[in-house]
Structure formats: structure tokens, C-alpha cells
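Reading through the C-alpha cells given below for one structure.
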Protein chains: 2
Amino acid sequence: MAKIKAAINGTKKDAILKKAASLFRAKGFKASSMRELALKIGIEAPSLYNHIGGKSELLQEICFKVAGDFNNQLAELEASPDSVVSQLEQLIRFHIAMMMESFDEVYVSNHEWKYLEEPMLTDFLQQRKQYETRMVQLLNKGISNKELKNVHPQVAVLTILSAVRGLEFWQRYKKEIDADVLASNMVNHLLTGLRK
Amino acid sequence: MAKIKAAINGTKKDAILKKAASLFRAKGFKASSMRELALKIGIEAPSLYNHIGGKSELLQEICFKVAGDFNNQLAELEASPDSVVSQLEQLIRFHIAMMMESFDEVYVSNHEWKYLEEPMLTDFLQQRKQYETRMVQLLNKGISNKELKNVHPQVAVLTILSAVRGLEFWQRYKKEIDADVLASNMVNHLLTGLRK
DNA sequence: CCTACCGATCGGTAGG
DNA sequence: CCTACCGATCGGTAGG
């Protein structure tokens, strides 16, 4: 009984989170009102508070879910026996897949995190920083074992992360450019410039 | 007399625009209040309206100034006799310089344009689209004359623009990474993957 | 899940 | 450039 209720609440809250991600992406966190979110769901604004703690909780859950997904994927790759170049390619392709499958959530995580409240804001930024650090270590490994050119690893990580982040503009090109073509081109562009 | 007054108003308005760009970048357009902007300048909020038309006018002027600067630079490059690779390098370096010199303004133009009101919003997006189109034409020229590999020009433009846009994160690394090192590394990363 | 409502804050104006 | 102020909208609560 409690289980069923939890499941029902879960799906309802998930539905709210989904709509919130869509709204926050389209209008920005601060410009999105709880009334508008409620309207999209088909209830009155005060009824939202039966399922969620508040507006800022919605942002938190979106941002930390995305951060967790990326952290988990990177951890999985780090444990794999693949070459550094292969790991980099897989990571880039994962970013592409995330952008395709969870566009709203990734976009919100990338653009609206600054409205997180402390101490979550600090936590989130630390997770980001650590993700970058681990990527730098991956590149350093590739430089050591001669897979990669002797590039500046921090700059290369920044370039890669910035480029994949730009995938958010792909929405506009969805009909014109095939996703696989896009992915292969970007992977080649980013890696052929690094590969020895 | 009118000239002097205009000059005085000009500098005062410019000072407001500068502070507005800084505030909008740090907090976002919607989360920035005119009261806070006034506080930063040292006057009361209603006094702002002696120098500016309103909050949305501030955003407009920031966004269109930046867009105009980029358009002008691209036009200048298009008229030059340099090779495509050289033009691309100069364009990338211009993006880097803009990010260094007008960080707040470029950041706001990249992140807050969605709060522009019509018809300026449409105008702004058209200018962006046209900028991309002209870059695609530049790459096509380079592909035709065998300077560049046979890449997908739209994807390559997207990758380049996304990467240079990521320069906004450089603020964090300013002390660790020299600007010239950064610029050279990114140019190499982006071009060596393209160059035949 | 709803109606009724509250205190806070917003962009901007009136009038001097 | 200021004081005084307004109508609109916000996130959220009370009470059922």
C-alpha cells in the first residue's frame, strides 16, 4: 500500500520534474513561475507542493541527476581496459547521447546551476571540477603512453567539453544533420587534432 | 552645449551599461534588479531612468554591440586576401580577444539573449544565423581549394563556435594558464584536425 | 487537490 | 537626482 503510493507519487513527481526541466530550459529558472509549471501539468499551483518541496528543489534534482549520470559514466570508463583514445571517443559519444536523450535536463544543468542554493551550489561545482580533473588525468595518461600529442591537457579538456556542450545547438539542425554523422564528425574533429 | 551634454550623458550611460553587463553576467538578466544596479552605481533606482529607457534596453544594447563587433570582424576578414586557414585562425583569435576584453558583454550576449523582446529577438537570431552561414561559406571555400579536409562544414562551424564560446570558463584559469598558450593550443587543436 | 490569501519584490512613474 | 508610491507578479501557506 505504502509501496503503491510511493510509486504513484514517484511517477507524479517525475512528471513534474520532466515538465520543470522543459520549462526551465525554455524560459530560464528565474523567469519560470510555479503557476506556469502547474498550468502545464494541469493542476493549480498550490497543489504542486503536495509532491515537491519547492521550486529550488526541482532545480537541485535536475542538476544532480545529470551530474551523477556523467560521473558514473566516467567512472565506468576509467575502469575499462580500453585505450585512452577509445575512452575519449566513448566519453564524447556519451555526451552526445545525453544531449539527445535528456536535452532539457542537460541544458538546465549547464545553464541554470548558478541558481542552486548553498550548500548544494558548492557541492555541484566541486563535482564539476572533479570531473574535469579526472579528464585531465585521462589525457595525461594518453600523453605519457604516447597515444596523444604533447598538448596542454587542461586546454584540451576545456576545448572538448566546450565543443560537446555546443551540442545543445544541434536541436536546430536535427532535421538537416543525421545524429551519427554529427557525432562522427565531431569525434574526428576533436581527436584527429590530438592523436599522434 | 548639447554636444557636451551628450558626451556627459554618453559616459554616464556607458558606465551604467558596463555595470549592467557585469551584473547580468553574475546573476542573470531576470535575477538582476534595477535597485541592485542602481546601488552599484551609487544612485537611487528611479534615477537610472534619466539615462536609460528601461531594463530591457540595457540588454538590447549589450547584445547588439557584441553582435555588431563580431559581424564587423568577419566582414573585414572576408575582404582580406589571406588563406582560409589564416582567416580561420584570425577569427578564432578574435573570439579569444573579445572574451578577454569584453568578458561580461560577450557572456551576456551568449546567455541572456533569450530575454530580448520582439522584434529585436528575431533580429538578433537572424544576425547569429547569418554569422554561422558566412562561416560555413568560408569553410566551403577552404574545402574547394583543398586547404581543408572534406569535413561537414556545418558541424565544423558548430564545433569551432562551441569551443571558443567555452572560453568563458577561462576566467577560472587566468592565473594558471597564459592567454597566449591557451589561444595557440586551441587554435592548433581546432585547426590541425581540419587542415589537410 | 482546491480556494483564498499573504508578504516580498519587481520595473517603472509622478512630481518636484 | 530624490522621495513616495503603484500595479503586477512572485513563491509559498492556511485550511479544508
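The chains referred to below are lettered A, B, ... by the order of the sequence lines, with proteins before strands, and numbering in each begins at 1.
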In residues 107-123 of chain B, which ones come under 4.0 Å of DNA chain C, going by heavy atoms? none
In whole angstrom, what separates B/Lys12's NZ from D/dC1's C1'? 9 Å
Listed pairs, N/O of protein and of nucleotides 9-13 of chain C, under 3.5 Å:
from   : atom 1 : to      : atom 2 : distance (Å)
C/dG11 : OP1    : B/Ser32 : O      : 3.0
C/dG11 : OP1    : B/Lys55 : NZ     : 2.9
C/dG11 : OP2    : B/Met34 : N      : 2.9
C/dG11 : N7     : B/Arg35 : NH1    : 2.7
C/dG11 : O6     : B/Arg35 : NH2    : 2.9
C/dG12 : OP2    : B/Tyr49 : OH     : 2.8
C/dG12 : OP2    : B/Lys55 : N      : 2.8

Side-chain H-bond candidate by donor/acceptor type, A/Ser80 with A/Glu76, under 3.5 Å: no
Salt bridge (charged side-chain N to carboxylate O under 4.0 Å, His left out) between B/Asp69 and B/Lys65: does it pass, once the steps are laid out? CA-CA 6 Å; B/Asp69 286 350; B/Lys65 172 69 164 59; 3.0 Å; yes
So, A/Lys13 and A/Glu57, do they make that salt bridge, N to O below 4.0 Å? yes
For C/dA8, give its Watson-Crick or G-U wobble partner with both distances under 3.5 Å, or none. D/dT9
Return the value, rounded to whole Å, for the distance between atom CG of A/Leu48 and atom P of D/dA14. 17 Å
Are more than 12 heavy atoms, taken from residues, nucleotides or ligands other than B/Lys55, located less than 6.0 Å from that residue's NZ atom? yes
Spell out, as yes or no, whether a donor-acceptor pair under 3.5 Å connects the side chain of A/His111 to the backbone of A/Tyr107. yes
Between B/Glu105 and B/Ser109: side-chain donor-acceptor atoms closer than 3.5 Å: no
What is the distance from CD1 of B/Ile52 to P of D/dC1, rounded to the nearest Å? 12 Å
Without decimals, in angstroms, what is the distance between B/Ile43 CD1 and D/dC2 C1'? 10 Å
May I ask you to check whether B/Asn110 and B/Arg25 show a side-chain donor-acceptor distance below 3.5 Å? no
Can you see whether B/Thr122 engages B/Glu118 through a side-chain donor-acceptor pair at a distance of less than 3.5 angstrom? yes
Using purine N1 to pyrimidine N3 plus N6-O4 or O6-N4 for Watson-Crick, or N1-O2 and O6-N3 for G-U wobble, each under 3.5 Å, what pairs with C/dG15? D/dC2
